[in-house]
Amino acid sequence: MRLSRYFLPTLKETPSEAQIVSHRLMLRAGLIRQHAAGIYTWLPLGFAVLRKIEQIVREEQNRAGAQELLMPTIQSADLWRESGRYDDYGKEMLRITDRHDRDLLYGPTAEEVITDVFRNAVRSYKDLPKTLYHIQWKFRDEVRPRFGIMRGREFLMKDAYSFDLDSDAARHSYNQMFVAYLRTFARLGLKAIPLRAETGPIGGDLSHEFIVLASTGESEVHCHRALLDKTIPDDVDYDGDLQPLVNDWTGLYAAADDMHDVTKAASLGGSLVTARGIEVGHIFHFGTKYSKPMGATVTGPDGEDVTVAMGSYGIGVSRLVGAIIEASHDDNGIIWPESVAPFHVGLLNLKAGDTATDETCARLYQALGPDRVLYDDRDERAGAKFAAMDLIGLPWQVIVGPKGVAKGMVELKNRATGAREEVSVDSALARLAV
RNA sequence: CGGGGCGUAGCUCAGCCUGGUAGAGCGCUAGCUUUGGGAGCUAGAAGCCGGAGGUUCGAAUCCUCUCGCCCCGACCA
């Protein structure tokens with residue numbers, strides 16, 4: 001993409017409403033614009049990142065055996081009356097009335113809808129297990145939206161729902177998601193740790209939240225140091241026994257403030273780490289909380305009806321954009337992990353209009369591929385280009401100036417480390433190849 | 001939902017206390033000069049001073065109401 005044609009409204013100054021780093025940088029780098037309190041427009045660059053994250057989440061869900069579908073944003077209130085949540089959910093639920101005076105709502109979550117789909121379609125235990133998910137916009141009418149996209153009212157979320165014959169089987173579905181989450185966050189370039197969580201209003205008896213570590217994070221977490229160094233295998237057998245792997249990740253002490261056990265933590269001595277983090281995922285096993293009132297049953301092996309055991313598994317996709325920035329930035333701007341970067345390379349033509357630099361840039365642009373490169377071909381000063389490119393945080397920069405070009409050289413800069421090297425054009429191409 | 005604050009040019013803000021008809025910096029446009037870390041000079045364009053009502057000869061400024069946004073707290077992917 002040529003920057004001269006791209007819609008990338010960057011800001012030199014920080015809009016006054018933005019308090020935290022990710023919000024400021026998202027506004028400044030031209031990722032989002034606020035539409036109303038807690039509601040945002042995603043500009044092309046931000047949208048590109050959102051799509052990348054979404055795709056990684058999708059791939060890992062599929063890999064774990066979950067199947068994607070798409071449920072509506074607007075839901076019927078009747079279903080919520082069935083589960084008993086229509087009155088319980090409170091003002092966070094945005095309620096709507098249509099022209100026939102029917103009660104609708106903008107979905108804050110989708111347990112009711114998926115349970116309805118399931119009960120109408122599945123009859124036999126032989127159809128189990130099933131894990132279904134979608135990636136859809138949700139709305140929760142937060143009293144006080146803040147921190148930009150991190151706590152908006154409208155947000156993009158992946159939510160998965162598992163259906164099993166009994167709670168032992170459900171535990172396997174739960175473990176599949178647990179492992180999928182570890183893999184997902186690792187691929188996003190994040191250090192995430194699972195914490196045992198309160199089950200909250202959704203209910204149930206098994207729940208973990210996943211916290212991404214970032215020094216500017218909202219909540220405080222305490223955990224064993226060894227948890228930070230754990231890695232997740234690349235070739236997980238999702239059909240096999242996942243319990244050992246889950247145990248490995250949950251065996252060490254880890255707790256947020258609300259579940260923090262000071263005595264237990266103190267016994268860790270020097271291995272205790274206190275850090276800050278951002279919640280980006282939450283998984284629950286809640287048994288028959290929805291299947292029972294809504295009559296989601298299957299015929300079991302013995303011919304008797306069985307109420308299915310369910311779990312639900314959320315990832316805040318749009319929140320992750322902010323979380324990644326909180327975890328990865330410096331004074332000059334964003335530093336995108338390669339896996340989610342909107343472009344792989346920023347190509348800076350330091351003297352647009354100069355035949356030699358133009359030609360070198362054109363060659364690099366074509367060879368690297370216009371989809372992977374953001375080419376700053378604007379008639380701007382070098383300083384402005386450096387600042388803009390650092391701000392938007394692409395992993396690599398290729399800096400092409402007349403002095404280097406005369407020697408057949410360009411400069412390759414790594415955004416994360418700041419390291420620059422002068423290399424030949426061919427060498428730069430080789431280094432940046434897919 | 002309790003407490004506080006702010007709405008003036010695209011952005012950051014001054015002006016308001018003490019009413020007299022709109023300002024700065026950045027950005028934008030044009031020209032010249034500059035050209036490796038958000039340039040310099042010159043000349044421009046750009047504002048229903050959030051909205052409504054009121055007080056007054058006169059309101060960005062004072063009063064009332066209203067809408068919007070932000071911050072602290074309680075609550076959440």
Side-chain angles (χ1 to χ4, degrees), chain A residues 9-20 23-24 27-30 33-39 53 57 89-93 107-110 135-160 181 192 197-198 200-202 207-212 218-219 256 258 277-284 312-323 331-333 348-354 357 376 378-392 397 399-405 410-411 413 418 420 422:
Chain A
T10 58
L11 264 24
K12 195 186 278 190
E13 289 174 279
T14 305
S16 58
E17 74 261 21
Q19 297 300 311
I20 63 164
H23 191 194
R24 287 185 192 156
L27 257 10
R28 287 228 295 135
R33 283 295 182 268
Q34 180 164 326
H35 172 81
I39 302 177
I53 295 172
V57 169
Y89 217 93
K91 290 188 173 173
E92 284 204 341
M93 184 153 78
T109 179
I135 298 174
Q136 178 66 290
W137 292 93
K138 305 244 179 310
F139 194 93
R140 290 182 194 164
D141 198 1
E142 296 277 346
V143 224
R144 190 186 159 207
R146 61 185 126 169
F147 306 141
I149 222 69
M150 299 265 285
R151 192 160 156 200
R153 292 193 292 172
E154 188 183 48
F155 54 96
L156 186 63
M157 189 167 164
K158 184 285 302 181
D159 42 318
Y181 276 34
E198 306 255 20
I202 295 191
S207 173
H208 286 87
E209 54 186 49
F210 288 77
I211 302 284
V212 158
E218 207 189 342
S219 47
D258 56 333
I278 299 160
E279 185 184 355
V280 291
H282 208 147
I283 60 179
F284 300 89
S312 78
Y313 315 89
I315 290 181
V317 176
S318 50
R319 172 180 280 191
L320 272 166
V321 179
D331 289 346
N332 296 322
L348 318 216
N349 185 338
L350 294 194
K351 195 163 184 178
D354 175 83
T357 55
D376 191 346
R378 297 173 304 161
D379 182 20
E380 278 290 340
R381 300 171 58 82
K385 296 192 177 192
F386 287 129
M389 205 52 87
D390 283 350
L391 176 63
I392 66 173
Q397 294 174 17
I399 301 161
V400 182
K403 291 171 200 156
V405 167
V410 297
E411 212 169 342
K413 174 178 163 182
R420 305 150 161 259
E422 196 169 46

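Predicted model only: the values in this text are computed from it and were never measured. Labels below follow one simple rule: chain letters A, B, ... track the order of the sequence lines, proteins then strands, and each chain is numbered from 1. Only this structure's heavy atoms are used, side chains among them; waters, hydrogens and symmetry mates stay out.
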- Message: Just to be sure I understand the rule, does A/Gly152 reach a base, reach only the sugar-phosphate, or reach nothing, if contact means heavy atoms closer than 4.0 Å?
- Response: base
- Query: Which base, if any, makes a Watson-Crick or G-U wobble pair with B/G23, both distances under 3.5 Å?
  - Reply: B/C13
- Query: What is the nucleic acid contact for A/Ala382, judged by heavy atoms within less than 4.0 Å: base, sugar-phosphate only, or nothing?
  - Reply: sugar-phosphate
- Item | A/Arg151 to A/Glu142 - nearest heavy-atom pair and separation | NH2-OE1, 3.3 Å
- For residues A/Ile399 and A/Phe386, determine if any side-chain heavy atom of one lies less than 4.5 Å from a side-chain heavy atom of the other. yes
- Message: Using the C1' atom as the point on both nucleotides, what is the distance between B/C26 and B/U64, in whole Å?
- Response: 37 Å
- Check every atom of B/G38, B/C1, B/C75 against the side chain of A/Ala388 and return the nucleotide holding the closest atom. B/G38
- Closest approach of A/Ala256 and A/Glu209, non-hydrogen atoms and distance? CB-OE2, 4.4 Å
- Query: Given the C1' atoms of B/U56 and B/G73, what is the spacing between them in whole Å?
  - Reply: 43 Å
- Message: How many whole angstroms separate atom CD1 of A/Ile149 from atom C1' of B/C76?
- Response: 16 Å
- Give A/Leu320 one of three labels, base, sugar-phosphate or nothing, depending on what nucleic acid heavy atoms sit under 4.0 Å from its own. nothing
- Message: What I want to check is whether an N or O donor and acceptor connect the side chain of A/Arg144 with the base of B/C76 at under 3.5 Å.
- Response: no
- Item | Pair of N/O donor and acceptor under 3.5 Å linking B/G25 base with A/Glu13 side chain | yes
- Query: Looking only at side-chain N and O atoms, does A/Lys12 come under 4.0 Å of OP1 or OP2 in B/G38?
  - Reply: no
- To the nearest angstrom, how far is A/Glu142 atom CD from B/C70 atom C1'? 16 Å
- Note on the structure: Between CG of A/Leu350 and C1' of B/G36 the distance, given in whole Å, is 6 Å
- So what does A/Gly401 touch, heavy atoms closer than 4.0 Å: a base, only the sugar-phosphate, or nothing? base
- Query: For A/Arg28, which of A/Ile392, A/Thr10, A/Leu391 qualifies under side-chain contact (heavy atoms from CB on, under 4.5 Å)?
  - Reply: A/Leu391
- Message: Side-chain N or O of A/Ser16 versus OP1/OP2 of B/C13: is the shortest distance under 4.0 Å?
- Response: yes
- Item | Closest-nucleotide ordering on RNA chain B, the 5'-leading residue of A/His23 and A/Glu92 | A/His23
- When rounded to the nearest Å, what value does the distance between P atoms of B/A24 and B/A9 take? 13 Å
- Message: It should be established whether A/Arg381 places a side-chain nitrogen or oxygen under 4.0 Å from OP1 or OP2 of nucleotide B/A39.
- Response: yes
- Task: Heavy atoms only: give me the nearest A/Ala37-A/Arg153 pair and the separation to one decimal.
- Result: O-NE, 2.8 Å
- Message: So, does A/Gln34 get its side chain near the phosphate of B/G68, meaning an N or O under 4.0 Å from OP1 or OP2?
- Response: no
- Compare side-chain N and O positions of A/Lys91 against OP1 and OP2 of B/C1 and report whether any pair is under 4.0 Å apart. yes
- For B/A74, the nucleotide meeting Watson-Crick or G-U wobble distances (both under 3.5 Å) is none
- Which whole number of Å gives the distance between the C1' atom of B/A60 and that of B/A74? 37 Å
- Item | Which residue lies more 5' along RNA chain B, comparing A/Glu209 with A/Lys403 via nearest heavy atoms | A/Lys403
- Message: Centroid distance below 5.5 Å plus an interplanar angle below 30 degrees: do A/Phe155 and B/A77 meet both conditions?
- Response: yes
- Task: Describe the nucleic acid contact of A/Thr14 in one word from base, sugar-phosphate, nothing, applying a heavy-atom distance below 4.0 Å.
- Result: sugar-phosphate
- Going by modelled atom types, is there a donor-acceptor pair between the base of B/G38 and the side chain of A/Glu380 at under 3.5 Å? no
- Task: With heavy atoms under 4.0 Å as the rule, sort A/Glu411 into base, sugar-phosphate or nothing.
- Result: base
- Mind running side-chain hydrogen bond (donor to acceptor under 3.5 Å, both in side chains) on A/Gln136 and A/Asp159 for me, showing each step along the way? CA-CA 8 Å; A/Gln136 178 66 290; A/Asp159 42 318; over 6 Å; no
- Query: CG of A/Asp141 versus P of B/C1: gap in Å, rounded?
  - Reply: 10 Å
- B/U29: pairing nucleotide in any strand, Watson-Crick or G-U under 3.5 angstrom: B/A43
- Distance in angstrom units between A/Ile278 CD1 and B/C76 C1', rounded: 15 Å
- With heavy atoms under 4.0 Å as the rule, sort A/Ala36 into base, sugar-phosphate or nothing. sugar-phosphate
- Query: In whole Å, what separates the C1' atom of B/G51 from that of B/G27?
  - Reply: 28 Å
- Describe the nucleic acid contact of A/Val280 in one word from base, sugar-phosphate, nothing, applying a heavy-atom distance below 4.0 Å. sugar-phosphate
- Message: Please give the distance between the P atoms of B/C67 and B/A45 as a whole number of Å.
- Response: 38 Å
- Nearest heavy-atom neighbours spanning A/Phe284 and A/Tyr313: O-CE2, 3.9 Å
- Distance, C1' atom - from B/G47 to B/G5, rounded to whole angstrom: 24 Å
- Atom CG of A/Leu11 to atom P of B/C13: distance rounded to whole Å? 12 Å
